[in-house]
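Just so it is clear, the values below take in all heavy atoms, side chains as well, and ignore hydrogens, waters and symmetry mates. Remember, it's 1-based here, ligands and their atoms both numbered in the order they're listed.
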Amino acid sequence: MIKHHPSDETLFRYANGSLEPGPRIIVAVHAGGCATCASRISEFEAVGGSLMHDIEPDDMEPSALDHVMAKIEIDEAARDRLAVRPRLPRADVGIRLPQVLDDCGIGPWRWIGPGVRWSRVTLPGDDNANVMLLKVTAGRKLPEHTHTGYEYTHVLKGSFSDARGRYGPGDLDEADDDVQHQPIVDKDGECICIAALEGQMKLRGFFGRLIQPLIG
Ligand SMILES: [Zn+2]
């Protein structure tokens, strides 16, 4: 039972392509298992499509059309490059990962602190996206903290709780810098999440804080 979803703003940015690659893959993982968000994204895409449709060809500068056509050619070229790209290395992280991650590289689990391991997720089109898997032992309490930017965390296995509620499999926690919380992984088992950070901000969030020593 999914209780926590991305905001409409995030789903809209997903639909119009303006969400950064890291958060984008987290939303794709969520929407792959959430019919509510998948249909919301379709609605937003339909709105975007009809807005495009409302632009009469006469209103468009010839150069604008050239621009659009050039962009389509570039997109196709990028897709062709992706098609021949060798498969990224994938470590076995002990759980079945969502299908949308099939083309992503998955690093081995690395120790990051007592009871916490992480694995880097590499996106086929963006080597610099801050995406990671995190595995936290049952019952572990994380330091109280605030965020300096958006952090997207999708629960794959297990659960954690904080003052805002409980986050279980399929839930997406979208935390901004207004959020101050002290998450605790529930006692009944380890928690595995996939998380992404937006932008190159200083990392102080739930998971960002843990990986900060690793990425400087
Ligand atoms: Zn959802």
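- Each protein N/O/S atom under 2.8 Å from the Zn ion (ligand 1) was counted, for a total of 4.
- Phe160 and Tyr167 have parallel rings, their planes meeting at less than 30° on a 0 to 90° scale where 60° marks the start of perpendicular.
- Distance alone, capped at 3.5 Å, is enough to place a donor-acceptor pair between the Glu174 side chain and the Ser7 backbone.
- Linking Ile, Leu, Val, Met, Phe, Trp and Tyr whenever their side-chain heavy atoms come within less than 4.5 Å leaves Ile2 and Leu156 in two separate clusters.
- At distances below 3.5 Å, at least one donor-acceptor pair connects side-chain atoms of Asp171 with backbone N or O atoms of His4.
- No hydrogens or angles considered: nothing links the side chains of Thr137 and Glu190 as a donor-acceptor pair under 3.5 Å.
- In this model, no donor atom of one side chain and acceptor atom of the other lie less than 3.5 Å apart for Ser42 and Ser39.
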